[in-house]
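Before any comments, here is the structure.
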Protein chains: 2
Amino acid sequence: MNYEALLHEHTLKATPQRLGILSLMHTNGHISIDELFEQIKKQFHSISLATLYKNINAMSETALITEVKIPNMKSKYEIAKERHAHLLCDKCGEFKDISLDIDKLIRLTEAKSKYKLNDTSLIFSGLCEKCK
Amino acid sequence: MNYEALLHEHTLKATPQRLGILSLMHTNGHISIDELFEQIKKQFHSISLATLYKNINAMSETALITEVKIPNMKSKYEIAKERHAHLLCDKCGEFKDISLDIDKLIRLTEAKSKYKLNDTSLIFSGLCEKCK
DNA sequence: CTGAGTGCAAACGTTTTGCACTTGC
DNA sequence: GCAAGTGCAAAACGTTTGCACTCAG
């Protein structure tokens with residue numbers, strides 16, 4: 001994936017720090033601020049937490065990344081992608097995407113509610129295949 | 001609703017402050033810490049924010065109340081009840097319950113994922129009937 | 001070359017803690 | 001009566017800001 005172009009599309013400069021953040025976000029799938037800071041320090045010894053926050057905020061505001069708020073847990077961040085839901089294993093902490101027919105769910109809920117819906121936040125929690 | 005009994009069932013003492021918190025939570029449906037503090041101060045002039053937090057934590061830990069984490073917003077709290085989803089109006093901020101067939105959604109997602117699921121957090125956002 | 005981004009230290013708002021006092025049971 | 005709860009002030013925590021310096025475009 002070309003993160004440099006991605007940043008430019010979102011009117012942000014492609015700094016080495018940002019490329020590192022996006023790369024870690026991609027390989028981890030979902031990552032918290034703390035985890036990100038621990039990992040990025042290995043590449044950028046002197047990176048500051050302030051820089052990390054500024055970048056997370058800049059990339060969230062331009063919708064390049066998305067914050068995922070999870071019940072009873074710190075937020076995780078992911079590179080923005082098409083609509084999807086999340087699965088959380090309460091035992092081992094595995095957190096991953098799952099694709100559902102969210103459009104259908106939205107249509108159903110619109111019919112029931114009279115709302116015009118455009119977004120969802122869906123998190124399922126339980127036990128993963130290994131832990132159950 | 002008998003909040004005194006409800007507290008006792010959760011091994012918590014029924015103090016006037018707690019009864020006030022639960023009453024406000026019930027009449028508001030969903031309420032943030034700030035809103036709660038503003039409102040409860042009217043009844044308990046000298047209540048402290050520390051007491052509010054301690055009680056919110058105690059009641060969350062015993063699952064008497066539930067924290068609802070909402071994208072791009074402060075958390076709201078509600079008295080725990082059967083499974084349901086939430087609707088948020090991005091324009092006027094209306095936030096309310098909606099009952100969907102969540103069991104069905106869970107069964108569907110279990111089939112797809114191999115997870116054994118027991119809980120969900122589902123928030124739909126868009127425009128309410130008046131705002132759309 | 002210039003505005004955007006970085007890193008540091010200080011500031012800020014939110015939540016938690018310690019402690020003496022009070023109260024529910 | 002005693003453990004649990006309250007309220008205060010202080011501390012801890014996560015996040016943001018201001019500023020001088022650096023760098024991407």
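Proteins get letters first, then strands, A, B, ... in listed order; numbering begins at 1 in each.
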- prompt: Please walk me through it: do Met25(A) and Tyr77(A) pass side chain to side chain contact (heavy atoms under 4.5 Å, CB included)?
  reply: CA-CA 7 Å; Met25(A) 227 171 249; Tyr77(A) 294 83; 3.8 Å; yes
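Partner of Tyr115(A) under the side-chain contact (heavy atoms from CB on, under 4.5 Å) criterion, out of Glu94(B), Glu129(B), Lys132(B): Glu94(B) alone. Tested against Leu7(B) for a side-chain contact (heavy atoms from CB on, under 4.5 Å), the candidates Leu19(B), Thr62(B), Asn2(B) yield a single pass: Leu19(B). Remark: of the listed residues His86(B), Glu35(B), Lys76(B), His86(B) is the sole one forming a side chain to side chain donor-acceptor pair (under 3.5 Å) with His30(B).
Checking Glu4(B) against Ile33(B), the closest nucleotide of DNA chain C that is more toward the 5' end is the one next to Ile33(B). Summary of the strand contacts: Leu49(B) and Lys13(A) both lie near DNA chain C, and taking for each the nucleotide with the nearest heavy atom, the more 5' one is attributed to Lys13(A).
Remark: Gln17(B) is in phosphate contact with dG7(D), judged by side-chain N or O atoms under 4.0 Å from OP1 or OP2. Contact check, Thr15(B) against dT6(D): a side-chain N or O comes under 4.0 Å of OP1 or OP2. Taking side-chain N and O atoms only, His8(A) has a distance below 4.0 Å to OP1 or OP2 of dG25(D). Listed pair Asn55(B) / dT6(D) meets the phosphate criterion, a side-chain N or O lying under 4.0 Å from OP1 or OP2.
Atoms CG (Asn57(A)) and P (dA4(C)) sit 17 Å apart, rounded to a whole Å. Here dG25(D) presents its P atom at 11 Å from CG of Leu12(A), a figure rounded to the nearest Å. In this structure, His10(A) atom NE2 and dA4(C) atom P are separated by 18 Å, rounded to whole Å. The CZ-C1' distance, from Arg18(A) to dC23(D), rounds to 12 Å in whole Å. For the pair Lys74(B) NZ and dG13(C) C1', the interatomic distance rounds to 10 Å; values are reported in whole Å. Distance NZ (Lys41(A)) to C1' (dG7(C)): 14 Å, rounded to an integer number of Å. With rounding to whole Å, Phe37(B) atom CZ is found 13 Å from dT6(D) atom C1'. Straight-line distance from the CE atom of Met59(A) to the C1' atom of dA4(C): 14 Å, rounded to whole Å.
Between the side chains of Glu67(B) and Ser75(B), at least one donor N or O sits under 3.5 Å from an acceptor N or O.
At the heavy-atom level, Ala58(B) lies nowhere under 4.0 Å from the strands shown. Contacts of His45(B) with the nucleic acid, taken as non-hydrogen atoms under 4.0 Å apart, are absent.
Of the inter-residue distances, the one linking Glu82(A) atom CD with Asp97(A) atom CG reads 8.5 Å to the nearest 0.5 angstrom.
Shown here are the side-chain hydrogen bond (donor to acceptor under 3.5 Å, both in side chains) partners of Asp34(A), two or more places apart in sequence or in another chain: Lys74(A).
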Could you list, one pair per line, each protein nitrogen or oxygen that sits under 3.5 Å from a nitrogen or oxygen of nucleotides 8-12 of chain C, together with the distance?
{"residue": "dC8(C)", "atom": "OP2", "partner": "Ser46(A)", "partner atom": "O", "Å": "3.3"}

